[in-house]
Each structure stands twice: as structure tokens, then as C-alpha cells.
Number of protein chains: 2
Amino acid sequence: MSTPARKEAADWLTHAELKIHDAGLHRSTPRQKVIDLLADQDCAITALEMDQRLSGVGRATVYRAIEQLEDLGLVQKVDLGKGAQGFEKIDPSGHHHHHLVCEHCGRVQSFEDERLEKAIHRIHRRGFTVESHEITLRGRCSDCARPEPMSVSRPAPTGSRINAGARL
Amino acid sequence: MSTPARKEAADWLTHAELKIHDAGLHRSTPRQKVIDLLADQDCAITALEMDQRLSGVGRATVYRAIEQLEDLGLVQKVDLGKGAQGFEKIDPSGHHHHHLVCEHCGRVQSFEDERLEKAIHRIHRRGFTVESHEITLRGRCSDCARPEPMSVSRPAPTGSRINAGARL
DNA sequence: TATCAGATTGAGAATCAATCTCAAAATAGA
DNA sequence: TCTATTTTGAGATTGATTCTCAATCTGATA
Ligand SMILES: [Zn+2]
Ligand SMILES: [Zn+2]
Ligand SMILES: [Zn+2]
Ligand SMILES: [Zn+2]
């Protein structure tokens with residue numbers, strides 16, 4: 001397939017590999033696996049999930065690679081709620097999305113909103129150089145509509161916590 | 001003093017105590033200390049910091065109280081960067097601020113922007129009920145202006161990681 | 001005020017993510 | 001090929017958060 005998303009992923013991969021090389025880093029198999037996995041994702045993935053999915057790559061290497069990619073401006077951390085941290089690639093074109101997180105089941109959706117981006121870019125505070133921004137909308141997805149019956153515990157719905165980019 | 005901030009703090013405290021009571025929770029000294037401490041803060045404070053500042057209150061109680069207050073919609077978690085989680089009170093009036101986080105030293109400033117709020121409120125996605133939002137701008141504070149000389153390590157500036165509401 | 005069911009507490013253990021260590025292995029360039 | 005550098009990963013360590021559960025406290029009622 002050759003959806004725009006797939007093209008963007010390829011762009012990012014090329015761009016990432018170039019920057020890695022320029023930084024004088026070696027081209028090692030374990031790190032490359034981490035990069036390839038990130039290139040495949042449309043949205044955030046946690047470090048631990050990467051570690052689980054990548055056989056033949058040590059935990060330390062996963063965390064190290066993520067940190068290097070962060071330093072090179074190739075990936076960014078995103079807050080997935082409930083204290084979970086995820087990482088997703090930063091597209092060189094600047095194209096990006098933000099997140100809707102269901103407080104109840106933890107499901108994550110992505111969204112884009114041009115008006116919001118404009119408002120963000122208009123913000124300037126003296127003495128502070130803004131380099132990036134993160135926006136998270138919290139609430140309830142359709143599966144978890146309120147009002148919740150006054151049950152004691154919260155039987156969280158099943159399913160992946162991260163739902164790749166349904167562009168609504 | 002009786003600044004607007006101080007008044008808001010008092011409002012929150014009253015509101016919080018009422019909600020605690022309505023929820024059928026007892027009025028215990030340890031939990032009250034947690035609530036009082038939160039009422040005093042203008043911006044986010046970490047759970048561990050609360051634990052350190054509160055003598056005569058067990059760690060478990062601090063975390064428990066925070067969770068209860070979260071469930072009652074009285075406090076919210078905020079991402080302070082570097083994986084640090086903070087908590088701050090939610091004013092019943094809906095008045096709130098967002099955060100600027102220095103990627104280099106971790107300093108946190110708060111800001112308000114009406115235009116941004118308007119843009120946020122205009123966002124609607126079918127099947128998702130937005131209940132709250134979190135916005136974080138990342139970058140460099142004046143003390144940590146780029147470009148950073150190609151030093152090996154990062155000598156983070158000293159000082160508190162959280163800088164209360166300088167409304168710029 | 002006495003009583004008691006239910007709420008609350010906290011010391012310490014347990015869990016879980018993330019970081020660190022360092023000897024061994026892999027890489028890039030000469 | 002040779003070697004200086006970079007990279008790796010198993011396991012130990014750290015640090016934050018959660019859990020456990022017997023002892024204590026509270027609020028409501030008699
Ligand atoms: Zn995403
Ligand atoms: Zn944006
Ligand atoms: Zn704040
Ligand atoms: Zn807002």
C-alpha cells in the first residue's frame with residue numbers, strides 16, 4: 001500500500017537514518033530494530049511494549065535508543081494517561097497530531113485541528129523559547145459513556161490501550 | 001493578604017471539604033493535611049514532595065488522598081516532563097492555567113491564554129465526550145538559552161523545579 | 001456519653017518502570 | 001586485517017507507586 005501515512009513513515013525512516021549517521025552513531029542491528037518499529041507505528045508506543053515486541057534487543061538498548069532519538073529530535077514522549085509514557089516519531093515535515101484519551105478504558109485516539117495549531121503558535125512568553133507542544137483531551141470514548149452506575153470497581157473494557165489514528 | 005489567588009485557594013478548600021463530606025468520607029487529620037497542602041499551592045506539586053513536607057502523614061495516605069481527590073474531580077494530574085507527575089487543584093470556577101516546561105532544567109511556569117481556550121472548546125469528535133484538557137509547551141527558559149556548547153554532560157541549573165504562576 | 005460498624009491509617013513489603021554497570025561483542029575506518 | 005570506538009545486554013539497582021492488614025479513629029446512634 002502507499003497511503004500518505006505509509007509514505008510519511010518511509011520519509012521518517014530515511015530522515016532518521018541520515019541523522020543517526022550524521023551524529024556519528026554506528027548502524028547496529030539492535031538499534032535499527034528499534035527505529036524500524038517506531039517507523040511502523042502511527043501513534044505512540046510505550047518503551048516496555050517495544051521491549052516486549054523486539055526479540056534480540058535488550059531492555060537497556062531500547063531505552064538507550066529512545067533517548068538518542070529524542071536527543072536528535074526524531075521521537076517525542078507523549079503522556080498516555082494513568083502515568084503511562086509513550087513515544088512516537090516526529091515527522092520532519094512538522095506534520096503531527098494530538099491525543100484524545102479515554103479516562104475510563106485508557107484508549108488513545110489521535111486528532112488534528114488546524115485552528116488549535118494556529119492558536120498555539122500565537123503564544124509567546126518573553127524569556128521562553130517554545131520548541132514543541134503537547135495537547136491531550138481527556139474524557140470518555142463512546143464505549144465508556146457516562147453516567148457510570150455507582151458500581152464500586154471499574155471494569156475497564158478490553159482491547160488495546162492505543163488506537164492508531166482514526167482521523168475523525 | 002487577599003489576592004485573587006488566595007481567595008481561589010479558600011474557595012477550593014471549602015468546595016473540597018464539602019465534596020469530601022458528601023462522598024461520605026470521614027474528616028481525618030492526615031487527609032486534611034494533604035488537602036490543606038494542596039490548597040496552598042498555586043501550581044503542581046509531586047506526590048513525593050507532599051509526602052516529604054507532611055510530617056505525621058504516611059506515604060500510603062498521601063497517595064490515597066490524592067486518588068480520592070482525583071476521583072472527586074478536585075485535583076488533576078499534570079505532566080512535569082522527565083516522567084515526573086504533579087498534582088494541582090481544580091478550581092470549581094473552571095479557571096485554570098497550562099504549563100511551560102523547560103526541557104533543560106525542568107523549571108515549570110504557568111500561563112493562561114484565552115484564545116487557546118476558545119480553540120480547545122471548539123474541538124468536538126463524535127463519540128468522544130471531552131471532560132478536560134492538558135496543554136504543555138516545551139522549550140527553553142531564559143536561563144537555559146540555546147545553543148548549548150557541545151559539552152558532554154548537562155549541568156542542570158539549580159533551583160526549584162516548579163515555579164509558581166508568573167503570569168507573563 | 002457509650003457503643004460499634006465502617007472508614008482510615010501507616011510501616012513495611014511488593015511491584016514495576018527506568019537506569020546503571022561493565023565485560024564482551026560489534027562496527028567503521030585505516 | 002587491525003584497532004580504537006561504539007554498542008550491547010544480563011542482571012543489579014534505583015526510585016516511585018501500590019499493596020497489605022492489623023491497629024486506630026470517626027460519626028452516627030442509643
Ligand atoms: Zn499519537
Ligand atoms: Zn500541535
Ligand atoms: Zn500548574
Ligand atoms: Zn485550558
Side-chain angles (χ1 to χ4, degrees), chain A residues 16-37 44-72 75 77-87 106 152-154 156 161-162, chain B residues 16-37 44-72 75 77-87 106 152-154 156 161-162:
Chain A
E17 286 169 343
L18 182 64
K19 277 217 151 189
I20 288 277
H21 181 263
D22 288 351
L25 298 174
H26 290 182
R27 173 180 254 278
S28 70
T29 307
R31 180 163 49 217
Q32 188 64 42
K33 284 185 181 175
V34 172
I35 297 173
D36 289 343
L37 179 55
I45 179 174
T46 67
L48 229 45
E49 205 171 327
M50 299 183 69
D51 181 48
Q52 291 163 354
R53 290 210 215 166
L54 295 172
S55 59
V57 182
R59 211 183 20 260
T61 299
V62 171
Y63 281 102
R64 243 183 329 236
I66 290 172
E67 191 184 11
Q68 293 164 334
L69 292 170
E70 268 193 291
D71 288 347
L72 293 173
V75 306
K77 192 179 312 191
V78 311
D79 180 18
L80 300 178
K82 315 251 185 186
Q85 303 277 337
F87 299 89
V152 180
S153 65
R154 304 178 168 193
R161 288 180 45 95
I162 302 183
Chain B
E17 287 169 343
L18 182 64
K19 276 217 152 187
I20 287 277
H21 181 263
D22 287 352
L25 299 175
H26 290 182
R27 174 178 255 277
S28 70
T29 308
R31 179 163 50 217
Q32 189 64 43
K33 284 185 180 175
V34 172
I35 296 172
D36 289 344
L37 179 56
I45 178 174
T46 67
L48 228 45
E49 206 170 327
M50 301 185 68
D51 180 48
Q52 291 163 353
R53 292 211 214 166
L54 295 172
S55 58
V57 181
R59 215 181 18 258
T61 299
V62 171
Y63 281 102
R64 240 181 332 233
I66 290 172
E67 191 182 12
Q68 293 164 334
L69 293 169
E70 267 192 293
D71 287 347
L72 293 172
V75 307
K77 193 179 313 190
V78 310
D79 180 18
L80 301 178
K82 316 251 183 186
Q85 302 279 334
F87 298 89
V152 180
S153 63
R154 303 179 169 192
R161 287 181 46 96
I162 302 183

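To find a chain, count down the sequence lines: A is the first, B the second, and so on, and within it residues start at 1.
- Over its length, the helix from C:dT1-D:dA30 to C:dA30-D:dT1 turns its helix axis by 30°, as judged from the five terminal pairs at each end, rounded to 10°.
- Counting heavy atoms from C-beta on, the side chains of A:V62 and A:L48 never come closer than 4.5 Å.
- Summarising the geometry, atom CD belonging to A:E67 is positioned 9.5 Å from atom CZ belonging to A:F87; distances are rounded to the nearest 0.5 Å.
- For B:D79, the side chain to side chain donor-acceptor pair (under 3.5 Å) test picks out B:R138, with sequence neighbours left out.
- Taking CD of B:Q52 as the start and CZ of B:R59 as the end, the distance is 10.5 Å to the nearest 0.5 Å.
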Could you pull out all donor-acceptor pairs under 3.5 Å where a side-chain atom in residues 23-33 of chain B meets a protein atom, sequence neighbours excluded?
| unit_1 | atom_1 | unit_2 | atom_2 | d |
| --- | --- | --- | --- | --- |
| B:R31 | NH1 | B:Q68 | OE1 | 3.0 |
| B:R31 | NH2 | B:H26 | O | 2.6 |
| B:Q32 | NE2 | B:E17 | OE2 | 2.8 |
| B:Q32 | NE2 | B:D36 | OD1 | 3.1 |
| B:K33 | NZ | B:S55 | O | 3.3 |

For this session: Using a 4.0 Å cut-off on protein heavy atoms (strictly under), produce a 5'-to-3' string for nucleotides 15-22 of chain D with B for base contact, S for backbone-only sugar-phosphate contact, and - for none.
Result: -SBBB---
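- Close approach of DNA chain C to chain B, defined as any atom under 4.0 Å from a non-hydrogen atom of the protein, starts and stops at C:dG6 to C:dA13.
- Here OG1 of A:T46 is found 7.5 Å from CG of A:L80. Values are rounded to the nearest 0.5 Å.
- Considering all non-hydrogen atoms of both residues, A:D51 and A:G58 come closest at OD1-C, 4.0 Å.
- Rounding to the nearest 0.5 angstrom, the gap separating the CG atom in A:D71 from the CD1 atom in A:I66 is 12.0 Å.
- Across the protein-nucleic acid pair, A:I66 atom CD1 and D:dG9 atom P stand 14 Å apart, rounded to whole Å.
- If you check residues 18-34 of chain B against DNA chain D, the residues with a heavy atom closer than 4.0 Å are B:H26, B:R27, listed by number.
- In this structure, the side-chain contact (heavy atoms from CB on, under 4.5 Å) partners of A:A60, at least two apart in sequence or on a different chain, are A:R64.
- Shown here are the side-chain contact (heavy atoms from CB on, under 4.5 Å) partners of B:Q85, two or more places apart in sequence or in another chain: A:Q85, B:K77.
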